[in-house]
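Right, one structure below, let's go through it.
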2 protein chains.
Amino acid sequence: MKAATIRDVADRADVSVASVSRVLTGAGPVTETTRKKVMEAVDALQYVPHSGARSLSTSKTQTIGVILPDLYGEYFSELIRGMDVGARALGYHLIVSSSHDDAEEASAAIRSMRGRVDGLIVLSPHLDAANLATSLAGRLPILLMNGGADAGRPSIVVDNHGGAVQAVEHLIATGRRRIAHISGPTGNLEAESRLAGYLEAMARANLPTTVVEGAFTQASGHQVGAELAARSERPDAIFAGNDMMAVGAMLALQDAGLSVPEDVALVGFDDVPIAELVRPGLTTLRIRIADTGRSALERLVRLVDAAGAPADTACEVVRPELVVRPSSDPAAQARTTSGDRPRDSASLPHLKGENPQ
Amino acid sequence: MKAATIRDVADRADVSVASVSRVLTGAGPVTETTRKKVMEAVDALQYVPHSGARSLSTSKTQTIGVILPDLYGEYFSELIRGMDVGARALGYHLIVSSSHDDAEEASAAIRSMRGRVDGLIVLSPHLDAANLATSLAGRLPILLMNGGADAGRPSIVVDNHGGAVQAVEHLIATGRRRIAHISGPTGNLEAESRLAGYLEAMARANLPTTVVEGAFTQASGHQVGAELAARSERPDAIFAGNDMMAVGAMLALQDAGLSVPEDVALVGFDDVPIAELVRPGLTTLRIRIADTGRSALERLVRLVDAAGAPADTACEVVRPELVVRPSSDPAAQARTTSGDRPRDSASLPHLKGENPQ
DNA sequence: GTGTGTCATGTAATCGGTTACACGGAATTA
DNA sequence: TAATTCCGTGTAACCGATTACATGACACAC
């Protein structure tokens, strides 16, 4: 028993394939009678159009590809969740491919997706990867989210620089002076902007800087945190390049017998879900991650639909918002309970499942 | 400038389309000369085969669909990561579709994937959804991971019952007697097995049971935790149906001024990454989540390839392993630093990015 | 020189949809 | 009644791959 084709449906409904197609795609005129006959046949045969055949004649796949970097964790899974919500709302599918650290792997992933997707969202936070992507994509609409404010190509970036400045200014305002920075890896555009923001804010306040490089992973944050804790000139605050490193550093500081925020204040970046679950709750820069993912997807679909229209090459900027929790300000304690997290709108559809009993 | 087709390549290389196809698919004999000519033309034209056309003639898509439930969080993102690793290794793509809570949504998702994937992994933890899935899938190979030990259909399940028994026995062994259980939502098969395991182990030890239903979310765990903390007959241990609820409960207990594990011991289930990041580190039942995802994908691909062969209807069982951390045993303190987590093999490819500096 | 076998290559049918165009019947108008 | 629209329907070409089968070149043996 092979799967039914449009011809089987046509035979059974006693109409032509064209009519079946018209009913199913909603294009073109059909009488209510044929409509019914077709739908009956469709149900009876459990017919589902062959997407390959359809994509062959329409040259659309209704699928968006997402190229993710090597780094995983909550940031990216939240982002994908948001994209998935947007995709389903628009009738698109999502093909994901993660763990592409270097340009070569990313290029292989893009190649293997060409012809299979209508558009691409590339999250590799390296400049070369981005360049590679645009050149490889050919005529494929592509949306960059690699952290580089890249005019000339449609992209969405977080205001990493501005966020870092906010973080540092907050620490200064709460009386910290020896503020160290755990940066993300060299070559990562997000990491570099955050570092630049830190340096600028510190320079403006005339404070000495300390920078140690991490890898955006919790393990690297732990390592660097332990190292900083052991220094004779121990910092009284640490601004980590992202939340995962901040959490790692927090554990290292606590393991070293230091107390957060009394001995060392701590600020992260991203506001991943666990930021409020660690103790003390982590001060961080909130990016509405799922929302950002969703709007990225919607924008890319707009690009796909508008192929040929006046090129959208805008670089959309997402401004992170400082969320103060006890890791930098003990007074924030009371506010950090597990219910306080404002949900992204992208997660609203899920709330219904959340009232226990 | 339209995308190049196989005919453009054939013309340019001055060979027939058949030869081009033979070179590209690696099937059939070709001389080294034609091979070179074809490859040159392919490079020059930036040719990429149209996957729709290919799938039309081969009736394979090299794509696996994954249907996820409404619940998100680290458990599912880890699972997907593992699947992605496996998929890429086998030359497959992954289409994900999340947030399908009820049977209707899941059914829509499956329908929209038919004809677009070679096989399906269904994670909806409801019995009806599973039944629906198998009936909807038609001839599509399908792998269930819904928590029901379902002979007759290929599936992978966690030994939830056995895991729950281990958890309870561990708590009893460390001197706890008033052990409460925060269960997952009714109708969720995983939740029900874990509950059954709890009840059985408690009955065996002749201890009274307390069960409050949660929703597998951190928020619901918090709510139930607060409620339990306020009871006059406060439990001295809580076994939560999963880690997210355990974390929520932990925060609620701490907010109520209770100390974990001194006042109340806590055990979760799953061993999601944050389980060791909360303080105190959470005792839990480890499932090598990413590994499980990877092997699920590999098994499904085997099913796809072996279409027609003696049906594989085995129900593979994953046995969780008890990981004792300070939330149930203060003596475990020393062992819980951020470096102690044995990585799944599925995450090995990522390790290279993890040495800071 | 003819026959036979091998093997790279080309031709054309095929997969399952969409859609331009042709067609025919009913309704409207002269 | 005949001419003109209008509109639902069918026929067939097309999308871009794969692949069964036919072809023809060449080598080798007789």
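Throughout, a chain's letter reflects where its sequence line sits, starting with A, and its residues are numbered from 1.
- Here the side chain of A:S51 pairs a donor or acceptor atom with the backbone of B:G115 at under 3.5 angstrom.
- Contact annotation: B:S21 side-chain N/O to D:dT18 OP1/OP2 distance is under 4.0 Å.
- In this structure, A:V15 reaches the sugar-phosphate backbone alone: every heavy-atom distance under 4.0 Å involves primed, P, OP1 or OP2 atoms, never a base.
- Residues forming a side-chain contact (heavy atoms from CB on, under 4.5 Å) with B:V17 (at least two apart in sequence, or on another chain): B:I6, B:R7, B:A10.
- Applying the salt bridge (Lys or Arg N to Asp or Glu O under 4.0 Å) definition to pairs two or more places apart or across chains, those involving residues 58-67 of chain B are B:K60-B:D118.
- When the P atom of D:dA17 is taken as reference, atom CG of B:L45 falls 11 Å away, rounded to whole Å.
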inquiry  = For a quick check, with a 4.0 angstrom heavy-atom cut-off, what is the B/S/- contact string for nucleotides 20-25 of chain C, read 5' to 3'?
reply    = ------

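- Summary of helix geometry: the two end axes of the helix from C:dG1-D:dC30 to C:dA30-D:dT1, each defined by five base pairs via their C1' atoms, are inclined to each other by 50° (rounded to 10°).
- Take B:T31 and apply the side-chain hydrogen bond (donor to acceptor under 3.5 Å, both in side chains) test, not counting sequence neighbours, and it matches B:T34.
- Atom-to-atom, NZ of B:K60 to C1' of C:dG16 comes out at 18 Å; the value is rounded to the nearest Å.
- Checked against D:dG16, C:dA8, D:dT9, the side chain of B:A53 finds its nearest nucleotide in D:dG16.
- Under the 4.0 Å criterion applied to side-chain N and carboxylate O atoms, B:K37 and B:E40 are not assigned as salt-bridge partners.
- Taking atom CG on B:L56 and atom P on C:dG16, their separation rounds to 7 Å, with Å as the unit.
- Within the 3.5 Å criterion, the main-chain N or O of A:T5 finds a donor-acceptor partner in the side chain of A:D8.
- The phosphate of D:dT18 (OP1 or OP2) has no side-chain N or O of B:T25 nearer than 4.0 angstrom.
- Of all the residues in residues 33-43 of chain A, A:T34 reach under 4.0 Å from DNA chain D with at least one non-hydrogen atom.
- When heavy atoms are screened at a 4.0 angstrom cut-off, A:S55 is found touching no nucleic acid atom at all.
- As a whole-Å value, the separation of A:D14 CG from D:dT9 P is 12 Å.
- At D:dA17, none of the side-chain N or O atoms of B:T58 fall inside 4.0 Å of OP1 or OP2 (strictly under the cut-off).
- In this structure A:T63 satisfies the side-chain hydrogen bond (donor to acceptor under 3.5 Å, both in side chains) test together with B:R116, sequence neighbours excluded.
- Counting to the nearest Å, the P atom of C:dG16 and the CZ atom of B:R116 are 17 Å from each other.
- In terms of position along DNA chain D, the nucleotide closest to A:V17 lies nearer the 5' end than the nucleotide closest to the other residue of the pair B:L24 and A:V17.
- Not a single side-chain hydrogen bond (donor to acceptor under 3.5 Å, both in side chains) links A:S55 to another residue, sequence neighbours left out.
- Rounded to whole angstrom, the span from the CD1 atom of B:I6 across to the P atom of C:dA12 amounts to 16 Å.
- The side-chain hydrogen bond (donor to acceptor under 3.5 Å, both in side chains) search around A:E298 returns A:R294, not counting sequence neighbours.
- Straight-line distance from the CD atom of A:E32 to the P atom of D:dT9: 11 Å, rounded to whole Å.
- Between A:P29 and A:R7, the residue anchored closer to the 5' end of DNA chain D is A:P29, taking for each the nucleotide with the nearest heavy atom.
- Partners of A:S16 according to the side-chain contact (heavy atoms from CB on, under 4.5 Å) rule, which considers only residues two or more places apart in sequence or in another chain, are A:A18, A:S19.
- Straight-line distance from the NE2 atom of A:H50 to the C1' atom of D:dA17: 12 Å, rounded to whole Å.
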For residues 22-29 of chain B, which side-chain N or O atoms pair as donor and acceptor with protein atoms under 3.5 Å away, sequence neighbours left out?
unit_1: B:T25; atom_1: OG1; unit_2: B:S21; atom_2: O; d: 2.8
unit_1: B:T25; atom_1: OG1; unit_2: B:A27; atom_2: N; d: 3.4

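- Scanning for salt bridge (charged side-chain N to carboxylate O under 4.0 Å, His left out) contacts around B:R299 gives B:D312, B:E316, with sequence neighbours left out.
- The side chain of B:S57 contributes no N or O atom lying less than 4.0 Å from OP1 or OP2 of D:dT18.
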